[in-house]
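The structure under discussion appears below in the form of structure tokens.
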2 protein chains.
Amino acid sequence: MKPYKEMSKEELILLKEELEKKFAGEKSKGIKLDMSRGKQTTAQLDMTMPIMDVFNSGSTLQTQDGFDCRNYGLLEGIPEARKLLGDMMGVPAQNVLVYGNSSLSIMYDSIAHSMTHGVMGSTPWCKLDKVKFLCPVPGYDRHFKITEYFGIEMINIPMTSDGPDMDLVEKYVNEDEAVKGIWCVPKYSNPQGFSYSDETVRRFAALKPAAEDFRIYWDNAYAVHHLYEDKQDSILEILSECEKAGNPDIVFEFCSTSKVSFAGGGIAGMASSLANLEYIKEFMTVLTIGYDKVNQLRHVRYFKDMDGISEHMKKHAAIIRPKFEAVLEVLDREIGSLEIAEWTKPVGGYFISFDAMEGCAKAIVAKCKEAGVILTGAGATYPYGKDPKDSNIRIAPTFPTAEEMAAATDLFVLCVKLVSVKKLLGEALL
Amino acid sequence: MKPYKEMSKEELILLKEELEKKFAGEKSKGIKLDMSRGKQTTAQLDMTMPIMDVFNSGSTLQTQDGFDCRNYGLLEGIPEARKLLGDMMGVPAQNVLVYGNSSLSIMYDSIAHSMTHGVMGSTPWCKLDKVKFLCPVPGYDRHFKITEYFGIEMINIPMTSDGPDMDLVEKYVNEDEAVKGIWCVPKYSNPQGFSYSDETVRRFAALKPAAEDFRIYWDNAYAVHHLYEDKQDSILEILSECEKAGNPDIVFEFCSTSKVSFAGGGIAGMASSLANLEYIKEFMTVLTIGYDKVNQLRHVRYFKDMDGISEHMKKHAAIIRPKFEAVLEVLDREIGSLEIAEWTKPVGGYFISFDAMEGCAKAIVAKCKEAGVILTGAGATYPYGKDPKDSNIRIAPTFPTAEEMAAATDLFVLCVKLVSVKKLLGEALL
């Protein structure tokens with residue numbers, strides 16, 4: 001098949017008729033498939049069920065230091081859970097606080113607290129005329145929702161396969177005092193699956209922020225979420241890089257076991273400098289008497305250590321890898337040579353990022369829906385839900401089966417082709 | 001023994017010498033006891049351990065509607081946990097949201113959110129010159145810490161055995177637009193163990209707040225925490241009373257299982273009008289994808305229903321009742337007729353409230369500490385840690401054994417006597 005751009009108008013019209021006929025046929029099948037949900041599939045959840053055997057009524061629910069996890073106390077989390085999450089992030093246990101089941105909540109609390117109390121003694125953000133956040137795009141919609149909710153102005157920063165455009169990041173952070181943070185998913189980024197290069201991490205660590213209360217919000221959500229044993233990304237550990245660069249307090253790092261154990265029953269943590277943690281504990285002690293230490297202990301007893309986590313993640317990979325491959329195989333086979341789209345080929349994480357021709361994403365999502373395939377809403381990967389080029393679509397392959405993903409992708413590429421042809425013909429798309 | 005006030009100076013001096021000699025003897029024994037901790041004792045925690053048998057690797061972790069608790073979703077909590085906590089509070093499941101392990105965190109989030117976003121569209125509190133909260137005193141220090149942390153001015157409202165002084169409450173709430181809330185522990189109050197009378201609850205429900213965003217923060221922490229089977233307080237259900245009074249949105253109610261199952265691993269909930277809950281869910285959906293539904297399901301499977309909770313609470317009562325009785329027996333025997341103190345005789349909850357002669361609380365706490373008995377800091381039961389009369393001391397009988405509590409109370413009453421005598425003699429106390 002030759003690239004669409006090289007086709008004559010007559011060829012495109014013929015192609016459109018053919019694709020529309022095919023679409024009508026697919027639509028009549030009454031397909032119902034979902035490529036939108038970045039969550040574990042049942043086989044993954046089942047695979048973790050032995051964690052439920054860790055405790056029974058005869059268990060001793062004490063930490064290694066003899067602290068009773070069933071009672072109040074241990075605001076920072078149990079020491080062994082601090083170590084386990086620390087190992088996942090590559091930082092010492094003393095730099096980690098363990099919270100409840102959601103890293104998103106920790107991020108929300110961080111922003112909410114900065115609004116009312118600032119960061120380490122800075123002016124509360126709610127007292128400032130303007131607060132801005134940098135948002136590498138496309139990115140994670142839940143990050144953007146938090147900053148939008150607090151009325152924080154979001155600035156798009158283009159992503160590359162090495163991470164955010166660091167020239168722009170440096171310009172904004174080092175020159176504009178209103179810029180208080182940047183949302184990062186440094187490893188297997190959502191939605192691209194990109195991992196920041198060593199140079200990117202070092203440039204982050206070496207920022208000279210105009211604002212004393214600027215922080216990097218380093219959401220290391222996919223730290224251990226490799227798809228392959230022989231192809232694995234690794235990123236530089238940001239806390240130590242920041243310390244080396246003389247910026248020890250510049251980063252808040254987050255992680256969770258939502259896609260390691262259970263999304264509804266995992267544990268989450270935050271890593272930062274000791275100075276930041278001391279400050280955070282001051283407000284944590286107002287917010288709670290302590291998080292769920294029983295579940296922290298359950299996780300430690302089950303996974304034991306980083307080797308346990310790694311072995312477990314291989315089983316996850318075995319379940320979801322075929323789904324990624326099914327999607328990529330169809331994309332490559334069907335539209336690989338048509339020059340109407342680009343997409344990422346991640347070796348980890350939970351998503352594939354797909355870029356259609358400009359102005360086509362909404363129409364593709366709508367067309368898919370018409371035939372029974374649900375995609376993440378176009379624009380969701382941008383602040384305010386607004387993709388300026390209307391081209392990005394996030395594909396989430398993990399939840400359906402590999403066969404379902406292949407079928408869904410078949411329909412998806414058909415819609416991509418059809419919308420692209422109409423675009424080239426100058427027709428209305430929606 | 002005749003009341004100290006009726007003693008002559010000579011009698012008091014002789015008594016003081018005798019008490020000081022006794023104190024020196026006690027002090028030399030090297031006692032180490034703690035009457036300060038309002039937490040479950042190990043026997044209580046052990047008694048709940050069968051909850052750990054509820055799940056094993058073969059369990060199906062689905063709600064009654066077939067929702068998988070191990071995955072993302074169900075922001076409101078699982079339906080059966082909403083019902084269970086609703087039953088504990090006496091409200092329908094649809095009026096309940098289930099959160100993580102801490103009701104204190106829900107209260108913190110409520111206040112923090114009101115600071116940045118107001119309540120149901122009202123002006124964010126951080127934009128106001130003055131925000132005030134009413135604080136029935138003595139009360140729960142953790143409540144006061146939250147409002148203090150956000151710079152909210154706290155106004156003391158005297159407690160009676162029927163609840164807060166409602167004349168004062170009505171005056172402040174109905175006349176001062178800056179008054180945005182009141183902290184209440186309506187049943188077996190902390191620290192008195194008082195339960196609000198029907199008239200008090202009805203007067204709360206009938207408030208006509210000057211501020212549209214005024215809410216009653218109804219911390220029903222001890223809803224099911226009776227000490228006796230034949231002597232039990234009950235309070236009117238506040239949500240329906242508010243609805244009857246034409247004030248459906250005026251109350252946020254909180255509860256948890258921290259003193260039913262585990263303080264480190266229970267579940268917590270909030271009850272309110274449907275309009276309030278709709279509003280709250282708007283910000284909950286920014287804050288989290290969902291709380292720990294696995295633990296919610298574990299609690300429901302274990303306790304089953306309100307009967308299960310009630311049976312379980314009888315076992316708690318059997319363990320802690322003798323401790324309350326040990327304290328009260330010593331107090332009554334040793335200082336019952338001396339007219340130097342008053343104390344409550346609760347039939348539920350976790351505390352006894354003790355009022356020494358004015359200006360004596362700090363000295364008594366210090367004296368006890370000198371001899372190895374730890375009490376909650378004097379003043380802790382008041383906003384800003386300031387008891388204007390320096391007379392209230394909170395006694396927490398649950399954690400030590402009954403024998404330890406008796407021994408600790410023996411030393412406590414000795415200190416109360418000694419400090420009271422010195423006070424009557426006009427001597428310096430600290």
Side-chain angles (χ1 to χ4, degrees), chain A residues 37-42 45-46 48-59 61 68-74 100-102 104-105 108-109 112-113 115-117 124 126-127 142 145-146 148-151 258 261-266 283 285-296, chain B residues 37-40 42 45-46 48-59 61 68-74 100-102 104-105 108-109 112-113 115-117 124 126-127 142 145-146 148-151 258 261-266 282-283 285-296:
Chain A
R37 304 199 284 184
K39 54 198 257 189
Q40 293 188 50
T41 195
T42 304
L45 299 166
D46 288 347
T48 308
M49 281 302 287
I51 198 174
M52 290 296 156
D53 293 332
V54 162
F55 292 144
N56 58 46
S57 54
S59 299
L61 269 55
D68 194 331
C69 292
R70 304 169 302 181
N71 222 329
Y72 290 119
L74 278 190
N101 77 324
S102 161
L104 192 75
S105 299
Y108 176 97
D109 281 344
H113 184 261
M115 291 300 296
T116 53
H117 289 80
C126 70
K127 303 286 184 199
R142 292 270 181 177
K145 286 238 172 74
I146 292 174
E148 181 177 0
Y149 192 68
F150 285 100
S258 289
S261 58
F262 300 136
F283 98 79
T285 196
V286 181
L287 179 138
T288 185
I289 306 178
Y291 291 94
D292 184 346
K293 297 180 296 297
V294 173
N295 205 31
Q296 292 176 15
Chain B
R37 303 200 285 183
K39 55 198 254 189
Q40 293 189 49
T42 304
L45 298 166
D46 288 347
T48 308
M49 280 303 285
I51 198 174
M52 290 297 157
D53 294 331
V54 162
F55 292 145
N56 59 45
S57 54
S59 299
L61 268 57
D68 194 331
C69 291
R70 303 169 302 180
N71 222 330
Y72 290 118
L74 278 189
N101 77 324
S102 161
L104 192 73
S105 299
Y108 176 96
D109 281 342
H113 185 261
M115 292 301 294
T116 53
H117 289 80
C126 71
K127 304 285 184 200
R142 292 269 182 176
K145 286 239 172 74
I146 292 174
E148 182 177 1
Y149 191 69
F150 286 100
S258 290
S261 57
F262 300 135
E282 278 175 34
F283 99 79
T285 196
V286 182
L287 181 144
T288 185
I289 306 179
Y291 291 95
D292 184 345
K293 297 178 296 296
V294 173
N295 205 31
Q296 292 176 15

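Reckoned from all heavy atoms, side chains included, excluding hydrogens, waters and symmetry mates. In this text the structure is predicted, and so the values were computed from the model without any measurement. Every chain is numbered from 1, with letters handed out A, B, ... down the list of sequences.
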Proximity breakdown for [X] and chain B, heavy-atom pairs closer than 4.5 Å:
X	value
A/T48	neither
A/S261	neither
A/Y108	side chain
A/D46	both
A/I51	neither

Heavy-atom pairs under 4.5 Å with chain A - which of [options] has more of them than the others?
options	answer
B/Y149, B/F262, B/Y72	B/Y149
B/I289, B/N295, B/V54	B/I289
B/T288, B/D68, B/T42, B/D109	B/T288

| Closest contact, heavy atoms only, B/Y291 versus A/N101 | C-ND2, 3.2 Å
| request: Examine whether an atom of B/S105 lies under 4.5 Å from a heavy atom of chain A, and if so say whether it belongs to the side chain, the backbone or both; otherwise answer neither. | output: both
Any donor-acceptor N/O pair, [X] side chain to [Y] backbone, under 3.5 Å:
X	Y	result
B/D53	A/G58	no
A/K127	B/C126	yes
A/N71	B/Q40	yes
B/S57	A/M49	no

| query | Any side-chain heavy-atom pair from A/R142 and B/T285 closer than 4.5 angstrom? | reply | yes
| query | Pick from A/M52, A/R37, A/R70: which one has the most heavy-atom pairs with chain B under 4.5 Å? | reply | A/R70
| said: Check the orientation of B/F150 and A/H117. Use parallel for under 30°, tilted for 30 to 60°, and perpendicular for over 60°. | reply: perpendicular
